[in-house]
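For reference, the structure discussed in these notes is given below.
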2 protein chains.
Amino acid sequence: MRDFNKKLRVVLIDDNANHLRGIKELINIESSYDVVGTTTSANLGINLVKKYHPDIVLMDINMPEKDGLQTIQAIAKLGLSTKVIALSGYDDSDLIYRAMKLGARGYVLKTMASVKLINAIEEVAAGKIYLPSVLTTRFFEYFQTTAIEETKAAEGENLLTSLTSRENEVLELLTEGINYKSIAGKLIISETTVKTHVNNIFQKLQVNDRTNAVLYALSHGFKTSKSAAMTTV
Amino acid sequence: MRDFNKKLRVVLIDDNANHLRGIKELINIESSYDVVGTTTSANLGINLVKKYHPDIVLMDINMPEKDGLQTIQAIAKLGLSTKVIALSGYDDSDLIYRAMKLGARGYVLKTMASVKLINAIEEVAAGKIYLPSVLTTRFFEYFQTTAIEETKAAEGENLLTSLTSRENEVLELLTEGINYKSIAGKLIISETTVKTHVNNIFQKLQVNDRTNAVLYALSHGFKTSKSAAMTTV
DNA sequence: GATTTTCTAAACCTTTAGATTTAGATAAAT
DNA sequence: ATTTATCTAAATCTAAAGGTTTAGAAAATC
């Protein structure tokens, strides 16, 4: 919970100077926040954040130079408690997705009413995520599409299912980039046996060498004992 | 936009029979939706969905047997316009994340007021995503953490940056599982030159063979001309 | 009981990959 | 003007990987 006795400190980054002034005035009129810095340059913006450690950064993400997304990432990397709200003229799914992925905690359309902007700042400062419901929908649809793309390969026609359990063990070691001798050592079988298994794996996966076997495994959702623990779906 | 002359058709799946009755009554009293089917079994639930093509499925995701997440996925795979709202007793970040990833369009806590459930159904049926603001925050924090984990490897100390542009081209072909001869053919240089490049790549990436070079590249965000077009960050 | 699958292993051979050295031709940087 | 980096290429060698066949033992399936 934020301390309401302290004024929220805000930094504005927008390459359009007129816009910058407009937002600043809006904030001064509609709220009691303290605009500690404004700039039209992404790089200068990052410096302002470093210097003032503001509570909120309002950032236009449609900038030329170093673009808004990179700037979000740069600010996120600073590891401060500063929260970034992305401002954009468009409700582009991909843009929203990437902004949120890189650490933005809000996304506001420039066309939205000014009271909504103040509302967004208030919510984000309180630790919440601010996304208008249209954008939430867009975000999730994009998110699900992406997630489904990822898992699609892991499903469907999958030659990996034809592997025996021993072959799976061997393939797992192959995907770690280990050679025959070491695999033999780890599984406590002879090197020639490993070669037999590997050749059988090649035939089943329809490849001719270990690199392609590994590539096939990785792109078709091959589950290793390690990855199983960290995989989400 | 949905046709308000037609009653929304709903299927309920919850392994707790009492809960099932409770929700059904709630819907009958508070709304005019048509509960076309209820079941305590995930598998039967999938069959109900196949049979009735309901507008909405309310599904408890804390079920034993075939769990709720798998069921969401199974329903999503049917490719119907049926929208799933997940019901859960907990606001577990990971659970919310996975449910949404698998295609849920809403997530409602069982402890929430009944009017909210009706509200959720209404919103989701209208094509929106329904997530209470606390859960939105949880979801995004989990999402960002996951995304950051993924991109972390692609940043930081990265030996890939030391590669020359020609070496990058060669590495790209290596990551496609192509052998020396073909690489030489594609780049129109001799096979021995390719070997020289590959050996230099190995030294720079501190590996001893192509499999490990490929694994290093893939796990450190190596951008191929193809992947650059589809990658999100 | 017979058959199939899986895991084990060897022998034999061919091909590819990898290590190392040397070196010429440009191009860029100091 | 002279290093330095990059791209090119060859020769030579060793080690590793891959292909093929054959085969025994155990377990699962028919």
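Letters go in sequence order (proteins before strands), and every chain restarts at 1. All heavy atoms count here, side chains included; hydrogens, waters and symmetry mates do not.
Looking at residues 179-191 of chain A, you'll see Ile189(A), Ser190(A) sit with a heavy atom under 4.0 Å from some atom of DNA chain C.
In the model, Ser165(B) has no side-chain atom that pairs as donor or acceptor with a side-chain atom of Asn168(B) under 3.5 Å. Counting only N and O atoms by type, the side chains of Thr40(B) and Asp15(B) include no donor and acceptor under 3.5 Å apart. In this structure, a donor-acceptor pair under 3.5 Å is absent between the side chains of Thr196(A) and Asn199(A).
Residues passing the side-chain contact (heavy atoms from CB on, under 4.5 Å) test with Leu48(A) are Val11(A), Thr39(A), Tyr52(A), sequence neighbours excluded. Remark: Arg210(A) pairs with no residue by the salt bridge (charged side-chain N to carboxylate O under 4.0 Å, His left out) rule, at least two apart or across chains. Scanning for salt bridge (charged side-chain N to carboxylate O under 4.0 Å, His left out) contacts around Glu191(B) gives an empty result, with sequence neighbours left out. With sequence neighbours excluded, the residues forming a side-chain contact (heavy atoms from CB on, under 4.5 Å) with Thr193(A) are Ile189(A), Ser190(A), His197(A), listed by chain and number. Judged as a side-chain hydrogen bond (donor to acceptor under 3.5 Å, both in side chains), and not counting sequence neighbours, Lys50(A) has no contacts. Here Lys204(A) pairs with Glu167(A) under the side-chain hydrogen bond (donor to acceptor under 3.5 Å, both in side chains) rule; sequence neighbours left out. For Arg9(A), the salt bridge (charged side-chain N to carboxylate O under 4.0 Å, His left out) test picks out no residue, with sequence neighbours left out. Applying the side-chain hydrogen bond (donor to acceptor under 3.5 Å, both in side chains) rule to Tyr130(A) yields no partners; only residues at least two apart in sequence or on another chain are considered.
Summary for the helix from dT3(C)-dA28(D) to dT30(C)-dA1(D): the axes at its two ends, each from 5 pairs, differ by 50° when rounded to the nearest 10 degrees.
The residue among Asp209(B) and Ser162(B) whose nearest nucleotide of DNA chain D lies closer to the 5′ end is Ser162(B).
Relative orientation of the Tyr97(A) and Tyr142(A) rings is tilted, given thresholds of 30° and 60° on the angle between their planes. Relative orientation of the Phe140(A) and Phe139(B) rings is tilted, given thresholds of 30° and 60° on the angle between their planes.
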Find every protein N or O atom lying less than 3.5 Å from an N or O atom of nucleotides 19-27 of chain C, and list the pairs.
unit_1, atom_1, unit_2, atom_2, d
dA19(C), OP2, Asn199(B), OD1, 2.8

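Using a 4.0 Å heavy-atom criterion, one finds that Thr192(B) contacts the bases of the nucleic acid, with or without backbone contacts as well. Heavy atoms of Thr193(B) sit under 4.0 angstrom from at least one base atom.
Rounding to whole angstrom units, CZ of residue Arg210(A) and P of dT16(C) are separated by 16 Å.
Protein chain A touches strand DNA chain D; the 5'-most and 3'-most nucleotides with an atom under 4.0 angstrom of its non-hydrogen atoms are dA17(D) to dT20(D).
Contact between the side-chain N/O atoms of Thr164(A) and the OP1/OP2 oxygens of dT5(C) is not found at any separation under 4.0 Å.
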